[in-house]
Number of protein chains: 2
Amino acid sequence: MKLSDKKRINILDAAEQLFFEHGVQHTTMDQVATQAKASKRTVYNHFASKDVLFDAILSRMFEELEEGEELVFAQHMTIERQLTAIANQEVVLLTSDRFLRIAKIAFMQMLQQPTLAKSIASNQFGCMRYLHEFLQQACVAGELHIEDIDFAAKQFVYQLKSFIFYPVLYGFETSISIQTSQIIEQTVRTFLARYRPI
Amino acid sequence: MKLSDKKRINILDAAEQLFFEHGVQHTTMDQVATQAKASKRTVYNHFASKDVLFDAILSRMFEELEEGEELVFAQHMTIERQLTAIANQEVVLLTSDRFLRIAKIAFMQMLQQPTLAKSIASNQFGCMRYLHEFLQQACVAGELHIEDIDFAAKQFVYQLKSFIFYPVLYGFETSISIQTSQIIEQTVRTFLARYRPI
DNA sequence: CAAAAAGTAAACTATCAAGTGCACTTTATC
DNA sequence: GATAAAGTGCACTTGATAGTTTACTTTTTG
């Protein structure tokens, strides 16, 4: 790999780390340069301004988020097991350092510039990419009975986020202190209590 | 009222408004002074620094949040009606301009200085102040069957917050576009599906 | 109404950080 | 190995803004 490419990556990594730790506002370009082991001039040769650097980081992050397997409804497995599998996968994402970083940086900026929110809101992450389809098929198969599938999908994901993601994002709790398996179990149980046909 | 007291309030109001609109970081003390119709020196005579001013605003906000009626379990009303009443009251709080302002300012700062989160996490707002007690009594009366009351209370409140509060806070949606009555109905329904004795 | 307390306007200091210019060195490429 | 492309270090400009000083006016209070 060329030195130039290495430097570019170093700069992005350094900025991401620093933005995460101190916020975009409180990170100086000198700090970025130092941490990236590059000169400030090189930073500016790659990224014309701090804003451009920030945008580059956001893009890189969103690309990564598109990865991850999409689960499909399977007739031969119980609905509990399948929902539990989906919840498990989602929790892995929500508690990953990577995702928390992205979230923190993006949320900080969103609160400050509302225009950004619109563009981020349109992206879909994790199980939200396929959950609607999954529930639809579970309904067709008679395993679930849901009137408003969009709403139900949100209920499921929001419950996981509320217990697992937001408390850590805002620093109310640490990832370690959260009982994920219990929360997953309760989320599935509540969902089925509401939507399993009688 | 003395001029001095008026000025103090003007300054707090102005700062609150500006912090809400542009964030603490992007609000200058000159702006605060101008908006408060006070001289900058007066601002500094009341509040020794921007940080002191910010703390004063937070304190004032938290005091206001302690207001609001606490509902108690009543034998003669159905549990649906009572939960719906609680949800309604909570939604009024969550969608109020006042609360959204507090939240936005506080959340912005929390993301930037994690120490702040701890002190805020300890405060309880809205129905969280009395919901545990309420559910406990509903269980004693045989109207509900809950194993983990703390968890159930959070489920109830988190669902409302997820659908009504966070989307507005982050600018994904406006308060107007949200169907609160439908969300309240579904929240109560889901809660009862899970916790009403068979 | 006189003294003290508080407010005012505007210029000033100090600091911090974004971004630039330049002379020079290192790395890539033909 | 010569030439171009990229990186380096450091001093510099520029702009923003927190907080202060000063000389003066207004409000409060005994």
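Protein chains get the first letters and strands the later ones, always in sequence-line order, with residue 1 at the start of each. Side chains included, hydrogens not; waters and symmetry mates left out as well; all remaining heavy atoms used.
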Between atom [atom1] in [X] and atom [atom2] in [N], what is the gap in whole Å?
X     : N      : atom1 : atom2 : answer
B:R8  : C:dG7  : CZ    : P     : 11 Å
A:D5  : D:dA5  : CG    : P     : 16 Å
A:N45 : D:dT8  : CG    : P     : 10 Å
B:Q25 : C:dC16 : CD    : P     : 14 Å
B:H26 : C:dA18 : NE2   : P     : 11 Å
A:M29 : C:dA17 : CE    : P     : 13 Å
B:H22 : D:dT17 : NE2   : C1'   : 15 Å
B:Y44 : C:dT8  : OH    : P     : 15 Å

At 4.0 Å (heavy atoms only), tell me whether [X] reaches a base, stays on the sugar-phosphate, or touches nothing.
X     : value
B:K6  : nothing
B:T27 : sugar-phosphate
B:H46 : sugar-phosphate
B:A38 : sugar-phosphate
B:K40 : base

Earlier contact from the 5' end, DNA chain C, for A:R41 and A:T28: A:T28
Carboxylate-amine/guanidinium contact A:E147 A:R194, below 4.0 Å: yes
salt_bridge(B:K161, B:E90) N-O dist < 4.0 Å: no
Geometric class of the B:F191/B:F156 ring pair [parallel <30°, tilted 30-60°, perpendicular >60°]: perpendicular
B:E64, CD atom: more than 12 neighbouring heavy atoms under 6.0 Å: yes
Sidechain-backbone polar pair: A:Q82 side chain, A:A74 backbone, donor-acceptor under 3.5 Å: yes
Short side-chain N/O contact from A:K50 to OP1 or OP2 of C:dA18, under 4.0 Å: yes
Presence of A:S4 side-chain N/O under 4.0 Å of D:dG7 phosphate oxygens OP1/OP2: yes
Out of C:dG19, D:dG7, C:dT8, whichever nucleotide has its closest atom nearest the side chain of B:T42: C:dT8
